[in-house]
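In what follows, residues are counted from 1 in the order of the sequence shown. Just so it is clear, the model here is predicted, and its values are computed rather than measured. Order of listing sets the numbers, starting from 1, for every ligand and every atom in it.
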Amino acid sequence: MKSYFRPEIDALAGYTAGEQPKIPDLIKLNTNENPYPPSPAVEKAIREFDIARLRRYPDPFADELRDIFAADCNVSRNNVIIGNGSDDLLTMCFRAFTSPEHPVAVFEPSYSLYPVLAAMQGAKVIRIDLAAGDFAYPANAVETAADANMLIITRPNAPTGTLCPKELVRKYCRDFDGIVLIDEAYADFASDNCMDLAGEFDNVIVMRTFSKSCSMAGVRLGYAVANAVLIDGLMKLKDSYNVDMLAQLVGKANYLDKSYRTECIAAIRRDRDLLADALKKLGFDIPESHSNFLFAAPPDGDGEKCFAYLRENAVLVRYFKGAVTGRYIRITIGTPEENRRVLELLSARYS
Ligand SMILES: *Cc1c(COP(=O)(O)O)cnc(C)c1O
């Protein structure tokens, strides 16, 4: 059959999402979900919800949520846009700021969705390599990115878990003549964040998601903060009702229970550092993680074999092929029991 697709779409491989397998008793540590359920306030909100309301459209702007996030970030409602997950917000930004004449610059390795979204736009990707070994950020990144219209900083970075120093981020924002998109999917697991840079610079967008620290990957909710002109522009190209009524309902109930969330995050950070120390004793090479996962290279440097060994033993982690990434596996921090099982299996193989 003849293809009716645009050539960009025919050439596209498509994004490979982490597996969501249906294997019983599998320990699933491959997509950086939270091991703890959302706040008990969510169940209460659902029980009290008047189902008849579902016949109406939701608030297209999710203003109640915007006001909550705005207050938390010290900005106003018109500095905030809500997304159906932050992948939705990323799609909006690629539609808005990239084209065949408007390249995007990304660090390598980082989130593998970015090049897929660029390909959909027919936009060129300028790749800026992080340093081998410690994944440090190059001082000359802005020069390399000069032809791009958007530069993406994932902070903390995925899949490495590392953190671009804030002063360097600030320098990139000041020196880069284009949009700087700071993807803060994992910021709640780090010791600082760059939310204030969205107020400090006209060209900066900071993005957050409910999928990781808020235990709500199933709900699809995220938000972005930037100056009002950028938010207005993004509003023009979002789907009218991009966040449904139930997502707005449970998102609000969950987000407002801050003390519960803070406890879950503290437990994950504690267990992350414990597992990292134990794996380092086995000879694993692990860059310091500021997120809810570890990027860990086994002593023999064969990430693929390590991935396969864990999978045979019903533990699913993530493996990224490639000259640099192929040395590592990425392990999401689970419950203490799940982490213990990972350590037990890896001790049996590598000590
Ligand atoms: C998980 C993740 C996202 C996507 O979040 P959703 O809100 O689930 O779409 C975005 N960026 C990075 C770096 C992520 O790891």
Side-chain angles (χ1 to χ4, degrees), residues 14-20 28-35 38 62 65 69 80-95 104-118 120 125 130 135 137 150-164 169 180-190 193-195 205-225 234 238-239 242-244 247-248 250-251 254-255 261 265 268 272 287 289-295 317-320 325 328 330-333:
Y15 177 68
T16 313
E19 278 181 273
Q20 301 288 345
K28 187 179 175 304
L29 304 174
N30 67 329
T31 47
N32 297 342
E33 290 138 326
N34 201 304
L65 280 174
F69 302 143
V80 182
I81 185 169
I82 309 291
N84 186 32
S86 51
D87 286 353
D88 180 35
L89 296 159
L90 288 169
T91 300
M92 290 179 212
C93 289
F94 273 83
R95 281 197 211 152
V104 59
V106 302
F107 291 96
E108 193 63 37
S110 67
Y111 188 30
S112 52
L113 178 66
Y114 308 141
V116 178
L117 295 176
M120 288 178 196
V125 179
L130 299 177
F135 302 107
Y137 285 74
M150 178 163 78
L151 167 66
I152 306 183
I153 305 169
T154 317
R155 189 181 191 275
N157 191 39
T160 60
T162 50
L163 200 66
C164 182
V169 176
V180 178
L181 173 57
I182 307 176
D183 184 344
E184 291 202 332
Y186 302 100
D188 286 336
F189 301 105
N193 65 69
C194 291
M195 187 50 85
I205 301 173
V206 178
M207 210 170 266
R208 297 273 176 89
T209 172
F210 271 48
S211 297
K212 315 293 170 36
S213 58
C214 295
S215 307
M216 284 202 148
V219 161
R220 316 305 305 135
L221 192 59
Y223 62 99
V225 176
L234 291 173
K238 84 173 184 70
D239 289 346
N242 63 329
V243 179
D244 69 72
Q248 294 186 33
V250 298
N254 191 41
Y255 190 80
R261 181 166 66 257
I265 292 168
I268 292 166
R272 167 193 75 196
S289 174
H290 301 263
S291 57
N292 67 337
F293 56 84
L294 297 176
F295 201 46
V317 297
R318 194 85 189 263
Y319 167 73
F320 299 92
T325 53
Y328 298 82
R330 192 192 68 188
I331 312 167
T332 304
I333 302 304

* Asked: Ser291 and Lys212: side-chain contact (heavy atoms from CB on, under 4.5 Å), yes or no, with the steps?
  -> CA-CA 10 Å; Ser291 57; Lys212 315 293 170 36; over 6 Å; no
* Is there a heavy atom of Met207 sitting under 4.0 angstrom from any atom of ligand 1? ->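 Checking ligand 1 against Met207, which is what was asked, there is no heavy-atom contact under 4.0 Å.
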* Given the side-chain rings of Phe293 and Tyr186, with only the six-membered ring counted for Trp, is the space between their centroids under 6.0 Å? ->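 Yes; Tyr186 has its ring centre under 6.0 Å from that of Phe293.
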* Asked: Using the benzene-type ring in the case of Trp, are the ring centres of Phe210 and Tyr255 under 6.0 Å apart?
  ->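 Ring centres of Tyr255 and Phe210 closer than 6.0 Å.
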* Asked: Should Met216 and Leu221 be marked as a side-chain contact (heavy atoms from CB on, under 4.5 Å) after you check the CA-CA gap, both sets of side-chain angles, and the distance that decides it?
  -> CA-CA 8 Å; Met216 284 202 148; Leu221 192 59; 5.6 Å; no
* Asked: At under 4.0 Å between heavy atoms, which part of Phe210 makes contact with ligand 1: side chain, backbone, both or neither?
  ->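 Neither part.
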* Select one of side chain, backbone, both or neither to describe which atoms of Ser86 lie under 4.0 Å from any atom of ligand 1, heavy atoms only. =>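 The answer is both, backbone and side chain.
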For ligand 1, is there an N or O atom under 3.5 Å from any N or O atom of [X]?
{"X": "Thr154", "value": "no"}
{"X": "Ser211", "value": "yes"}
{"X": "Asp87", "value": "yes"}

* Is any side-chain heavy atom of Met150 less than 4.5 Å from a side-chain heavy atom of Ile205? ->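 No, side chains not in contact.
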Which protein non-hydrogen atom lies closest to [atom], naming both residue and atom, and how far is it?
{"atom": "atom 15 (O) of ligand 1", "answer": "Tyr186 OH, 2.6 Å"}
{"atom": "atom 14 (C) of ligand 1", "answer": "Lys212 NZ, 3.1 Å"}
{"atom": "atom 9 (O) of ligand 1", "answer": "Arg220 NH2, 2.7 Å"}
{"atom": "atom 11 (N) of ligand 1", "answer": "Asp183 OD2, 2.7 Å"}

* **Gly85: numbered ligand 1 atoms lying under 4.0 Å from its heavy atoms** =>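 Per the distance check, 7 (O), 9 (O).
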* Quick one: list whatever passes side chain to side chain donor-acceptor pair (under 3.5 Å) with Asn34, sequence neighbours left out. =>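 Ser215.
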* **side chain to side chain donor-acceptor pair (under 3.5 Å) partners of Tyr111, counting only residues at least two apart** =>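 Applying side chain to side chain donor-acceptor pair (under 3.5 Å) to Tyr111 gives Asp87.
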* **Test ring-ring contact (aromatic ring centres under 6.0 Å, His included) applied to Tyr328 and Phe320, Tyr319, Phe135, the passing residue** =>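 Passing option: Phe135.
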